[in-house]
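One structure below.
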Amino acid sequence: VPVTGTLISFSNTVYTYTLTTRTDGAGNYKVLAGAGTWDMTAEAYGYQAATANGLVVTQDNVTTQHFALTALPQYTISGVIRDAATSAGVQAYLEIADELTADPEWAAANGSYALVLPQGTYSLTVSHPGYVPQTLNLNVAGNQSLDINLTAQQNYTCLDSRDPGG
């Protein structure tokens, strides 16, 4: 099955930087690379990265490199986000850092949430206006329960959008 948006990275010993491109909707990509020996990596959110080292590209020829990406196991991280002082549920915003294809989530009105994430390590930021944002490091290797307490910001005023200046 094609994986749209897979990040294809390629480098060789001649260059001191890594070049990148992404796959299209059919999982295809094209790279204009000079002759030489290239190391390539294919990475996509929710999949195990695949590599092809020592790919030889010759002048005026088309070189083809296919990648087979294996889906990582998916796990659920769930819990309740609460006001640290009152224990009331907070309808907070949950966002995984540096994962462009991981959709952010909103907790329910009572603060409950459930994130489905592939196995891996993530930085989760939980925020809501009027509260100090909290960033947590998650090591996802199985289903987990994680309750989060947010601390209210001191001297914070939130104007309703129907009020002048809101």
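The analysis underlying the following values was restricted to heavy atoms, covering all of them including side chains, and did not include hydrogens, waters or symmetry mates.
Taking every heavy atom of both residues into account, Val90 and Ala107 meet most closely at O-CB, 3.9 Å. The two atoms that bring Val57 and Gly34 nearest to each other are CG1-O, 3.7 Å, heavy atoms only. Heavy-atom minimum distance, Pro2 versus Gly25: CB-O, 4.4 Å.
Here Gln134 pairs with Leu136, Ile148, Leu150 under the side chain to side chain contact (heavy atoms under 4.5 Å, CB included) rule; sequence neighbours left out. Legend: residues meeting side-chain hydrogen bond (donor to acceptor under 3.5 Å, both in side chains) with Ser87, ordered by chain and number and at least two apart, are absent. Residues passing the side chain to side chain contact (heavy atoms under 4.5 Å, CB included) test with Ser145, sequence neighbours excluded: none. Under the side chain to side chain contact (heavy atoms under 4.5 Å, CB included) criterion, Ala97 pairs with Ser123, not counting sequence neighbours. Here Thr135 pairs with Thr125 under the side-chain hydrogen bond (donor to acceptor under 3.5 Å, both in side chains) rule; sequence neighbours left out. Applying the salt bridge (charged side-chain N to carboxylate O under 4.0 Å, His left out) criterion to Asp147, with sequence neighbours excluded, gives Arg82. Partners of Ala109 according to the side chain to side chain contact (heavy atoms under 4.5 Å, CB included) rule, which considers only residues two or more places apart in sequence or in another chain, are Gln91. Residues forming a side-chain hydrogen bond (donor to acceptor under 3.5 Å, both in side chains) with Tyr122 (at least two apart in sequence, or on another chain): none.
Of the inter-residue distances, the one linking Tyr93 atom OH with His128 atom NE2 reads 12.5 Å to the nearest 0.5 angstrom. Rounding to the nearest 0.5 angstrom, the gap separating the CD1 atom in Ile8 from the OG1 atom in Thr18 is 13.0 Å. Separating the CG atom in Leu19 from the CE atom in Met40 is a distance of 10.0 Å, to the nearest 0.5 Å. Considering OH of Tyr29 and OG1 of Thr23, their distance stands at 9.5 Å, rounded to 0.5 Å. Distance check: Leu124 CG to Asn137 CG gives 9.5 Å after rounding to the nearest 0.5 Å. From Asn53, atom CG reaches atom OG1 of Thr37 across 11.0 Å, with rounding to the nearest 0.5 Å.
Apart from Val132 itself, the hydrophobic cluster it occupies contains nothing, where clustering links Ile, Leu, Val, Met, Phe, Trp and Tyr at side-chain heavy-atom distances under 4.5 Å.
Applying the salt bridge (Lys or Arg N to Asp or Glu O under 4.0 Å) rule to pairs touching residues 24-40 yields nothing, sequence neighbours excluded. Pairs passing the side-chain hydrogen bond (donor to acceptor under 3.5 Å, both in side chains) check and including a residue from residues 108-120, sequence neighbours excluded, read Asn110-Ser112.
Taken together through direct or relayed side-chain contacts under 4.5 Å among Ile, Leu, Val, Met, Phe, Trp and Tyr, Tyr45 and Tyr47 form parts of separate hydrophobic clusters. Residues Val80 and Tyr131 are members of separate hydrophobic clusters, defined by side-chain heavy-atom contacts under 4.5 angstrom among Ile, Leu, Val, Met, Phe, Trp and Tyr.
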- prompt: Does the side chain to side chain contact (heavy atoms under 4.5 Å, CB included) test come out yes or no for Trp38 and Val14, once each step is laid out?
  reply: CA-CA 10 Å; Trp38 294 85; Val14 174; over 6 Å; no
Review item, side-chain donor-acceptor pairs of residues 61-77, under 3.5 Å, at least two apart:
from, atom 1, to, atom 2, distance (Å)
Asn61, ND2, Thr58, OG1, 2.9
Asn61, ND2, Gln59, O, 3.3

